[in-house]
Amino acid sequence: MKPVRHFIDLSEIPGDTLRGILAHAHDLKKNKFNPPQIFKGLSLAMVFDKRSTRTRMSFDLAMKQLGGHTVVMNMDEIQLGGAESVESTANVLSRYVDAIMLRMSNQDMMKELSRHASIPVINGMTNQSHPCQIMADILTIEEKLGPIEGKKVAWFGDINNVSNTFVQASKIFNFDLVLAVPEDLHGKAPKGANVTADAKAAAKNADVLVTDTWVSLGQEGKAIEKFWPYQVNGALMNLAKNNAIFMHCLPIHEWEEVSEDVAKSPASVIYDEAENRLHVQKAILAWCLENAGVSLQETPDSEAE
Ligand code: CP
């Protein structure tokens, strides 16, 4: 039997595999009005312990547009976390569906579930990482600016799951990443990350300026005063390259981490980024399901019979 392919952390997956997933996402996007029915008869379970617009919509539509089905549950609606163990949940879901997508704060619990599952587990965001988002971001950067290798990507604000995954991606895809964050947060950055407290130096000659909300889901009431020097605004954008783009995984906490004029400027690619979640999700699902017998090529009905 072929090994089960989980998609939990970018650092666990070979770079050429991630490149292949991005190339497939690009092809699927080109053919978005003629989607290959490669997930016919397959089902994805999705479990959420936090709100979602993009992750929920894009995984749901990714499965359905390619011929599959989905079942969506909120964490407080299932037995996991109540009477049922992670092991039992993993075993039961493995008998019903062909893959599981989890938005689960606790990444250790997600990994435990993946160890017991006989089907792929996909990380739809934990408190530690957000790999599907960063794959969509890389697709977007390459669409707008060409190969990401050697580009300068400047992150502003807090250290969080998105910045952690950018750090992993910078090593895999060979781009220069600088994290501009308040001094007292430098110790929170992943080991080996290039961190500065100087937002202007980070923005200088950057190809990409990226930020995320300073108050993540579950951190309501957090003090934000120290983050104001890291707001992506016109002054920071003016220090970047002429063709620099602004990115944000959304939702924006209006208008804290980014000024309204930048978020709505021609340099802003936030909605392309959101759309690319759909194309990337399809390619991630296809890679995960390939070892379960999914062909990346559509099989005509007559041949399948
Ligand atoms: N960027 C992102 O993951 O969006 P949602 O929280 O809406 O899924």
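When a residue number appears, it is its place in the shown sequence, counting from 1.
- Ion pairing between Asp60 and Lys64 holds under the 4.0 Å rule for side-chain N and carboxylate O.
- Within a 6.0 Å radius of NE2 in His26, other residues, nucleotides and ligands contribute 12 heavy atoms or fewer.
- Between Met247 and Thr140 there is a side-chain heavy-atom pair separated by less than 4.5 Å.
- Looking at heavy atoms from C-beta onward, Leu102 lies in side-chain contact with Val121 at the 4.5 angstrom threshold.
- Counting heavy atoms from C-beta on, the side chains of Met125 and Thr55 never come closer than 4.5 Å.
- Asn291 places no side-chain N or O within 3.5 Å of a backbone atom of Arg5 that could act as its donor or acceptor partner.
- In this structure, Trp155 and Ser163 approach most closely via the heavy-atom pair CE2-CB, 3.3 Å.
- Distance alone, capped at 3.5 Å, places no donor-acceptor pair between the Glu225 side chain and the Ala223 backbone.
- Applying the 6.0 Å contact sphere to NZ of Lys226 captures more than 12 heavy atoms from other residues, nucleotides or ligands.
- Between Ser129 and Asn161, the side chains place no donor N or O within less than 3.5 Å of an acceptor N or O (distance only, hydrogens not considered).
- Checking side-chain atoms of Gln281 against main-chain N and O of Asn276 turns up no donor-acceptor pair under 3.5 Å.
- Of the charged side-chain nitrogens involved, at least one lies within less than 4.0 Å of a carboxylate oxygen, so that Asp272 and Lys144 count as a salt-bridged pair.
- For Asn194, the side chain to side chain contact (heavy atoms under 4.5 Å, CB included) partners at least two apart in sequence or on another chain are Val178.
- Side-chain atoms of Arg103 come within 3.5 Å of backbone atoms of Gly124 as a donor-acceptor pair (strictly under, hydrogens ignored).
- Every residue was checked against the salt bridge (Lys or Arg N to Asp or Glu O under 4.0 Å) condition with Lys50, not counting sequence neighbours, and none meets it.
- Looking only at distances, a side-chain donor or acceptor of Asn160 sits under 3.5 Å from a matching main-chain atom of Val162.
- Nearest heavy-atom pair across Ala267 and Met237 is CB-CE, 3.8 Å.
- Between Phe246 and Lys264 there is no side-chain heavy-atom pair separated by less than 4.5 Å.
- Between Lys32 and Glu275, at least one side-chain nitrogen of the basic residue sits less than 4.0 Å from a carboxylate oxygen of the acidic one, meeting the salt-bridge criterion.
- Pairing each heavy atom of Tyr230 with each of Ala199, the nearest pair is CD2-CB, 3.9 Å.
- Of the possible polar contacts, one joining the Ser170 side chain to the Val167 backbone as a donor-acceptor pair under 3.5 Å is found.
- Taken to the nearest 0.5 Å, the CG atom of Asp98 stands 10.5 Å off from the CG atom of Leu285.
- Heavy-atom contacts from other residues, nucleotides or ligands closer than 6.0 Å to CE of Met73 number more than 12.
- Partners of Lys188 under the salt bridge (Lys or Arg N to Asp or Glu O under 4.0 Å) rule, at least two apart in sequence or in another chain, are Asp158.
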Q: Please test Val86 against Thr89 for side-chain contact (heavy atoms from CB on, under 4.5 Å), starting from the C-alpha separation and ending with a verdict.
A: CA-CA 5 Å; Val86 170; Thr89 303; 5.7 Å; no

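- Phe7 places a side-chain heavy atom less than 4.5 Å from the side chain of Pro131.
- Side chain to side chain, Gln107 and Asp9 meet the donor-acceptor criterion of an N or O pair below 3.5 Å.
- At a threshold of 4.5 Å between non-hydrogen side-chain atoms, the residues Val71 and Met46 do not count as touching.
- Partners of Lys151 according to the salt bridge (Lys or Arg N to Asp or Glu O under 4.0 Å) rule, which considers only residues two or more places apart in sequence or in another chain, do not exist here.
- Side-chain contact between Gln65 and Lys282 is present, with heavy atoms from C-beta onward closer than 4.5 Å.
- Using a 4.0 Å cut-off between a side-chain N of Lys or Arg and a carboxylate O of Asp or Glu, Glu143 and Lys29 qualify as a salt bridge.
- A side-chain contact (heavy atoms from CB on, under 4.5 Å) with Leu80 is found for exactly one of Val47, Val92, Leu113, Leu93, namely Leu113.
- Taking every heavy atom of both residues into account, Gly15 and Ile172 meet most closely at CA-CG2, 3.6 Å.
- Side chains of Asn205 and Lys152: a donor-acceptor N/O pair is absent below 3.5 angstrom, by distance only.
- A donor-acceptor pair under 3.5 Å is absent between the side-chain atoms of Thr213 and the main chain of Ser216, judged by distance alone.
- Side chains of Asp198 and Thr196: no donor on one and acceptor on the other come within 3.5 Å.
- Residues passing the ring-ring contact (aromatic ring centres under 6.0 Å, His included) test with Trp228 are Trp214, sequence neighbours excluded.
- Annotation: salt bridge (Lys or Arg N to Asp or Glu O under 4.0 Å) contacts of Glu142 (sequence neighbours excluded): Arg19.
- Residues Phe156 and Asp212 form no side-chain contact, since every pair of their non-hydrogen atoms from C-beta on lies 4.5 Å or further apart.
- Of all heavy-atom pairs between Ser105 and Asp49, the closest is N-OD2, 2.8 Å.
- In summary, the side chains of Lys222 and Gln219 do present a donor paired with an acceptor at a separation below 3.5 Å, with no hydrogens or angles considered.
- Using a distance-only test at 3.5 Å, with no hydrogens or angles considered, no donor-acceptor pair links the side chain of Thr17 to the main chain of Ile13.
- No side-chain donor from either of His248 and Glu273 sits under 3.5 Å from a side-chain acceptor of the other.
- Closest non-hydrogen pair, Leu250 versus Ala274, comes out as CD1-CB, 4.4 Å.
- For the 3.5 Å distance criterion, the side chains of Gln133 and Asp137 qualify, holding a donor opposite an acceptor.
- Checked by atom type, the side-chain pair His253/Glu257 shows no donor-acceptor distance below 3.5 Å.
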